[in-house]
Amino acid sequence: MKRISKFIFSISLLLTLEATFAQEATVDSLPVKTQRHGVRVGADIYKLARSVYDSDYRGFEVVGDYRLTKNHFVAGEIGNEKITVDDARLNFTTSGTYFKVGFDYNAYENWLDMENVISVGLRYGVSSFNQTLNSYRIYNPYPYFGQSETIISGENFDGLSASWIEVVAGMKAELFNNVFAGFSFRINYLVTNKQPDSFENLYIPGFNRTYAGKFGVGFNYTISYFIPLYKKEITPEPKL
């Protein structure tokens, strides 16, 4: 009986050792993958294009992100806008700068060495700007007797500011080696809004139109270039 027990124990030990060596061989046979970490810098090509075809708009935006982990990125934007808006009652010009900082989470599982991104994220934005009331029309409750009178103003409001939170959803796809095209959609919520007593901030650089409320929307189209800084090996997971 003891001999049988020893035999069974020996067989079990051999099987365990064989399984261990097979697992190690499987790990060794898997290709070693590396993950690049670095800075991606680019520009919003929509704002640049609009500055060419729209005489009432001038703007640019620089975008960037830095990879922290496999799926997490620190991201931000900085830009400048000048826009003249001609509404039914108002004509005004807004000019100022802004910056945004936050993070993106990449929810896309790439194949092999692909580095495409489908992400969700969050930003905190701050803008400093001024507005000029170019002209306005006096409300006429009896248009039958003539059109509303237009008043040329030129009143300037300096030292305005605002801050907001953005929820961001976007994607980036590699077109060529290290060159990425991207798109993002943003939903904004105003946190602070310093405005003059006699005039509302109807447009905030970086935030876009306020529509007399705290919510806004925005988007960008980007071309960016990835600057690799170092590589990090990814440990393959053994297949049992």
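From a predicted model like this one, the values you see are computed outputs, not experimental measurements.
Placement of V74 and Y230 within a single hydrophobic cluster is found when ILVMFWY residues are connected by side-chain heavy-atom separations under 4.5 Å, directly or transitively. In the hydrophobic clustering of this structure, I83 does not group with I78; members are Ile, Leu, Val, Met, Phe, Trp, Tyr whose side-chain heavy atoms approach within less than 4.5 Å, directly or through other members. Residues Y46 and V217 share a single hydrophobic cluster, defined by chaining ILVMFWY side chains whose heavy atoms lie under 4.5 Å apart. Using a 4.5 Å cut-off between side-chain heavy atoms of Ile, Leu, Val, Met, Phe, Trp and Tyr, with links allowed through other members, L175 and V63 fall into different hydrophobic clusters. In the hydrophobic clustering of ILVMFWY residues, with side-chain heavy atoms under 4.5 Å counting as a link, F73 and V62 come out apart.
Between the OG1 atom in T69 and the NE2 atom in H37 there is a gap of 7.5 Å [rounded to 0.5 Å]. Atom CD of residue E200 and atom CG of residue N193 lie 9.0 Å apart, to the nearest 0.5 angstrom. For the atom pair E166 CD and L122 CG, the distance stands at 9.0 Å (nearest 0.5 Å). Put simply, CD1 on I204 and CD on Q195 are 8.0 Å apart, with the number rounded to the nearest 0.5 Å. Considering CG of N130 and OG1 of T94, their distance stands at 8.0 Å, rounded to 0.5 Å. The structure places CG of N106 at 5.5 Å from CG of N71, a figure rounded to the nearest 0.5 Å.
Not one N or O on the side chain of K100 forms a donor-acceptor pair closer than 3.5 Å with the backbone of I165. Between the side chain of S127 and the backbone N or O of A162, no donor-acceptor pair lies under 3.5 Å. Judged by distance alone, with hydrogens and angles left aside, the side-chain atoms of D65 form no donor-acceptor pair with the main-chain N or O of G76 at under 3.5 Å.
In summary, the side chains of E61 and Y98 do present a donor paired with an acceptor at a separation below 3.5 Å, with no hydrogens or angles considered. The closest side-chain donor-acceptor pair between S128 and S161, if any, does not fall under 3.5 angstrom. Under 3.5 Å, the side chains of S184 and N220 contain a donor-acceptor pair of N or O atoms.
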- [ ] Dump the intermediate steps for side-chain contact (heavy atoms from CB on, under 4.5 Å) on D104 and V117, then the final yes or no.
- [x] CA-CA 10 Å; D104 288 331; V117 175; 6.0 Å; no
Q. Would L48 and F60 satisfy side-chain contact (heavy atoms from CB on, under 4.5 Å), going step by step from the backbone distance to the final call?
A. CA-CA 6 Å; L48 295 176; F60 71 90; 4.0 Å; yes
- Check the pair V120, V168 against side-chain contact (heavy atoms from CB on, under 4.5 Å), reporting the backbone distance first and the verdict last. CA-CA 6 Å; V120 293; V168 185; over 6 Å; no
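Using a 4.5 Å cut-off on side-chain heavy atoms (C-beta onward), Y66 and L229 make contact. Taking the side chain as every heavy atom from C-beta outward, F226 and S224 never approach each other to under 4.5 Å. For the pair N188 and V167, the minimum side-chain heavy-atom distance is 4.5 Å or more. Looking at K70 and E109, their side chains come closer than 4.5 Å, going by heavy atoms from C-beta outward. At a threshold of 4.5 Å between non-hydrogen side-chain atoms, the residues R123 and E77 count as touching. The shortest side-chain heavy-atom distance between M171 and N116 does not fall under the 4.5 Å cut-off. Two residues are said to be in side-chain contact when any heavy atoms from C-beta on lie closer than 4.5 Å; F103 and L68 fail this criterion. Taking 4.5 Å as the limit, some side-chain heavy atom of S51 sits within range of a side-chain heavy atom of Y57.
The pair D54-K47 fails the salt-bridge criterion, with no side-chain N (NZ, NE, NH1 or NH2) lying under 4.0 Å from an Asp/Glu carboxylate O. A salt bridge links R36 with E115: the closest approach of a Lys/Arg side-chain nitrogen to an acidic carboxylate oxygen falls below 4.0 angstrom.
Between Y203 and F129, the ring centre distance reaches or exceeds 6.0 Å. Taking the centre of each ring, Y105 and H72 come in below the 6.0 Å mark.
Using a 30° and 60° split on the angle between ring planes, F199 and F92 fall in the perpendicular class, above 60°.
Under the 4.5 angstrom side-chain criterion for Ile, Leu, Val, Met, Phe, Trp and Tyr, the cluster partners of F215 are Y189.
Every residue meeting the side-chain contact (heavy atoms from CB on, under 4.5 Å) condition with T84, not counting sequence neighbours, appears here in chain and number order: D56, N91, T93, N134.
For the side-chain hydrogen bond (donor to acceptor under 3.5 Å, both in side chains) with Q131, the qualifying choice from N156, D158, N201 is N201, the only one to do so.
Scanning all heavy atoms of the two residues, the minimum distance from S95 to P205 falls at C-CG, 4.3 Å.
Sorted by first and then second residue, the pairs that involve residues 160-188 and meet ring pair (Phe, Tyr, Trp, His ring centres under 6.0 Å), not counting sequence neighbours, are W164-F207, F183-Y221.
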